[in-house]
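Following: one structure in structure tokens, then a few remarks.
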Amino acid sequence: MSLQDKKRFEPAEVEPRITERWLASGLFHPEPEGSPQENYSIAIPPPNVTGALHMGHALNGSVQDTLIRYHRMLGRRTKWILGTDHAGIATQKQVERAIEAEGATREQLGRAAFVERVWEWRTRYGGTIIEQFKRLGASCDYEQERFTLDDGYARAVLRVFCDLHAKGLIYRDNYLVNWDPGSRSAISDLEVEDREVTDTLYHIAYPLKGGGEVVVATVRPETMLADTAIAVNPGDERYQHLVGSTAILPLVGRELPIIADDYVKTDFGTGCLKITPGHDPNDFEIGRRHGLEEVTVIGEDGRMTEEAGAFAGLTVLEARGRVVEALGDALRASEPYVHEVPYSHRSGERIEPLISLQWFMDMEPLAEPAIDAVRDGRVRIHPESQSRRYLDWLQNIRPWCISRQLWWGHQLPVWYRAGETYVGTTAPEGDGWERDPDVLDTWFSSALWPFATLGWPDDTPDLRAFYPTDVLSTARDILFLWVARMVMMGLEFAGDVPFTDVYVHSVIQAPDGRRMSKSLGTGIDPLDEIDRHGADAVRFGLLAMSSTQDVKYSSEKVQQGQQLANKLFNASRFVLGNVTADVEPAPRPRTVEDRWILSRLQRIVGDTRSRIEAYEFAKVALGLYDFVYGELCDWYLELIKGRDFDEDLSATLLHVLGQTLALAHPVIPFVTEELWDHVPATDGLLAGGAYPEAKDGLVDADAEQRVGAVIAAVSALRSWRSESGVKPGERLQARLAAEGYEETAPLVAKLARLDLAGGDGAPASAVVPVPGGAVELLGDVVDPRDAERKRDAERERLRGEIARAEGKLANEGFVARAPAELVEAERTKLERLRAELELL
RNA sequence: GGGCGGUUAGCUCAGCUGGUCAGAGCGCCUGCCUUACAAGCAGGAGGUCCCCGGUUCGAGCCCGGGACCGCCCACCA
């Protein structure tokens, strides 16, 4: 209650106190009642359990919390489903590093002990990011935190796996996969990124069995040891006669059939392609088409296998050099070659395509309903342009490799014995069964997030109350990895779409436009920013800079948010320090400026509501800023200074202040909650209060027009004063020679520091045009010559504008074809300009 | 190789269905300790709205072409 002692808002002091009150209130934890249609829910994109809050989380958290708080204030039972993801590779890597630092390896530790260590790790660090979300002010349901690896969740995952397997959509196959030597695991296509590298393109001659030779080009000569064919284009006249004959693989001696396949480009290289089904995705496809043998010479450890004969045991790079060396005369040429090569998104190492026995999921049957859901609008993606990317991806979907050679994750519910395979949620009866050591791709379990968190497969109250959820907010790169898969799984298992709206937010880049990343040193820690500027400022800033495309981080926007919080704080001090105690907040306008601010308030209320619902968060934030600064503080509070703070004015002030705080609360919850506590007659927490509603009856065009004229007049007078070198504080004698100021003349006089009393026939030393006429300054306020020069300049400007307007109106095309009101407006403007010129 | 987005004040960005649309914040300059806020207030300077054509009475805003930047997708050895 020491509001008046402080001159500025201190987030560090206020935030912990407010957070505590929120958490204690139970507001964030709704009882599972009512229907999903009445209720409002968002499932948080689960952050990695051992992760730390980065800018992406902070932005997404701000977006979601704005939506959540808004709907909670609308009176809906609101749940923000919270939890973390076990994040297979990322978490395992962290713990592996820790173990390596102790001089051990996970293999030495053994699987059980290792997994134990990861759980310990999770216990120790898993709470960090949750606490960081609290710092941001995120009003998640902290009483019900889920984890993708907790028992109930794991049950859902295994259930889905078994179910899809029973339906024939999950199967095991030998297939060429993206092998990540860094994590020693297969990874999915989506976890691969292309990087441009400079390799060497080698031209190698393969002798033909009956004499002669063909020359092929390759950047990976070491893989030739696994060649099983040579291919040419069927239409290539140079080689048609060779199709069906046989080449001899140098160094190995294997006989290679020469085959014809459309894939081969006649205009690239020599037009002859060596086919290595075991180590190249294209060759693999060709090999399957032609029934070729699949030879593997590179192992999962990235070294050459026994199959590579003399090269066995060498790394790929060592083998490449030795093979080139051994080729001798057969090597015909080599040249530098720049091309894109796949790298692991996870480990950063170059992908080694390998044939391996993995579990796959057939996506096409599930993709169909997911496509329909977006096509028919059951799921709406914002901005709309993103839905095309979603559809394109689903329409070209490919099987998903879901097994990972990791220890941390959901181990496959699959057991083998001799030639048998058993799939089930519990271990099979009998001896000798061995469980598949692999775990599921993390995204497999994430795909169940919106319903598994609510208790599925059981028919729980939570599920009945909150599924489907309302909005899923995420960054663009997650659209395929996660969003599309959630839609598929939701439709297949929970019987409905998992959410009705998807909001795709910006990716925040470093201020210099590069990626924000820890390794580049371009990261900005949102917690540091919260320490510096306050959580409200960070939230405001992130929302204000967000857009439909990527944005550079702008600390100016965060500062703008800090200023807004501070401004509200001080405006509140002013209001609360002056109002009559014991008066109920209520709109009780007495004067034109009262009617004006109430009218403006209705507009910002309406605008803010529609902007939130349209996911236009930058406009929400900046619109609030403009209202608080541009209308409430700069004008209304200045206009009422000096008035008697009677009950009517006090009630109106408190009403406007309270409404403003409530309106801004979803964006800047801390400062508004803190101030709300000081507004009399406000019970309970603002977070649990009602969101303002626009009342048409308070919209007042007349007041807006009149006060609009005051604002224009005062601005013109201040500008004149400043340019004329007249001291801002000096009271000037003046005469108001303008229409429309019956009620507002004293307001103009107050803010422009004029004395409008009398003046009679005194000569004007300066004339300032204002809406509806002019203000004449009396007495020797300015050097007459300066004033005359100024008038000349003004005349010049006016003549220019008049000429422009006249020209426009003289244009027959304009008068004939432009809308009538526009032409009329131009005429009015011309008249006004002429009148102003006349006055000078 | 396809597809998408961008290019507006020194910086970061707004500008809806073509007609006060040339704006905001920051920065800069000038003046003010005006009793809510000096992390404040008031005023101001600053832009051939990437280039070239076109449509239109009228174009940052629409159409065509070009330049540059960024992103996504794709199996050219």
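Because the structure is a prediction, the values reported are computed rather than measured. Below, chains carry the letters A, B, ... as their sequence lines are ordered, and counting in each starts from 1.
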Mind checking if Arg476(A) touches a base, just sugar-phosphate, or nothing, with heavy atoms under 4.0 Å?
sugar-phosphate

So Lys552(A), base contact, sugar-phosphate only, or nothing? Heavy-atom distance under 4.0 Å.
sugar-phosphate

Report the base-pairing partner of A59(B) (Watson-Crick or G-U wobble, both distances below 3.5 angstrom), or none.
none

Decide whether a cation-pi geometry holds between Lys265(A) and Tyr263(A); the criteria are a distance under 6.0 Å from NZ or CZ to the six-membered ring centre and an angle within 45° of the ring axis.
yes

Taking the P atom in each of A24(B) and A9(B), what is the distance between them to the nearest angstrom?
14 Å

Along RNA chain B (nearest heavy atom to each residue), the more 5'-positioned of Leu622(A) and Val551(A):
Val551(A)

Among C75(B), G25(B), G44(B), the one nearest Tyr625(A) by side-chain distance:
G25(B)

Per-nucleotide protein contact along nucleotides 27-36 of chain B, 5' to 3', at a 4.0 Å heavy-atom cut-off (B base, S sugar-phosphate only, - neither), is ----S--B-B

Give me the distance, rounded to whole Å, that separates G31(B) from C69(B) when you measure between the P atoms they each carry.
44 Å

Over 60° means perpendicular and under 30° means parallel, so classify the ring planes of Phe574(A) and Phe645(A), tilted if in between.
perpendicular

Donor-acceptor check, side chain of Asn566(A) to backbone of Phe9(A), threshold 3.5 angstrom: yes or no?
yes

Would you please confirm or rule out a distance under 4.0 Å between OP1 or OP2 of A14(B) and any side-chain N or O of Ser547(A)?
yes

Whichever of Lys619(A) and Asn282(A) has the more 5' nearest nucleotide on RNA chain B, that residue is Lys619(A)

Rounded to whole Å, CG of Asp392(A) lies from C1' of G2(B) at a distance of 11 Å

Reckon Arg731(A) touches a base, only the sugar-phosphate, or nothing at all at heavy-atom distances under 4.0 Å?
nothing

Of the options C76(B), U12(B), G44(B), whose atoms approach the side-chain atoms of Glu723(A) most closely?
G44(B)

Does this structure show an ion pair linking Glu294(A) with Arg288(A), if we count only N-O contacts that are shorter than 4.0 Å?
yes

OP1, OP2 of C76(B) versus side-chain N and O of His339(A): anything below 4.0 Å?
no

Mind checking who C68(B) pairs with, Watson-Crick or G-U wobble, both distances under 3.5 Å?
G6(B)

Give me syn or anti for G60(B), where syn covers glycosidic angles within 90 degrees of 0.
syn

Euclidean distance for P, C75(B) against U7(B) (whole angstrom)
31 Å

Categorize Gln562(A) for me: base, sugar-phosphate, or nothing, with a 4.0 angstrom heavy-atom threshold over every strand shown.
base

Separation of atom CG in Asp607(A) from atom C1' in A14(B), rounded to whole Å
15 Å

For G25(B), the nucleotide meeting Watson-Crick or G-U wobble distances (both under 3.5 Å) is C11(B)

Spacing of Leu717(A) atom CG relative to C41(B) atom P, expressed in whole Å
21 Å

Does Gln563(A) put a side-chain nitrogen or oxygen below 4.0 Å from OP1 or OP2 of C26(B)?
yes

Give the nucleotide from the list A77(B), A74(B), C72(B) with an atom nearest to the side chain of Arg389(A).
C72(B)

Quick one: the side chain of Arg718(A) and the base of A42(B), do they pair up donor-acceptor inside 3.5 Å?
no

Distances under 3.5 Å between protein N/O atoms and the N/O atoms of nucleotides 5-8 of chain B, please, pair by pair.
| from | atom 1 | to | atom 2 | distance (Å) |
| --- | --- | --- | --- | --- |
| G5(B) | O2' | Gln549(A) | OE1 | 2.8 |

Remember a base hit wins even if backbone is also touched, and classify Glu340(A) as base, sugar-phosphate or nothing at under 4.0 Å, heavy atoms.
base

Examine A77(B): is either OP1 or OP2 under 4.0 Å from a nitrogen or oxygen in the side chain of Tyr337(A)? Give yes or no.
yes

Sugar-phosphate only, base, or nothing, as touched by Tyr202(A) at under 4.0 Å among non-hydrogen atoms:
nothing

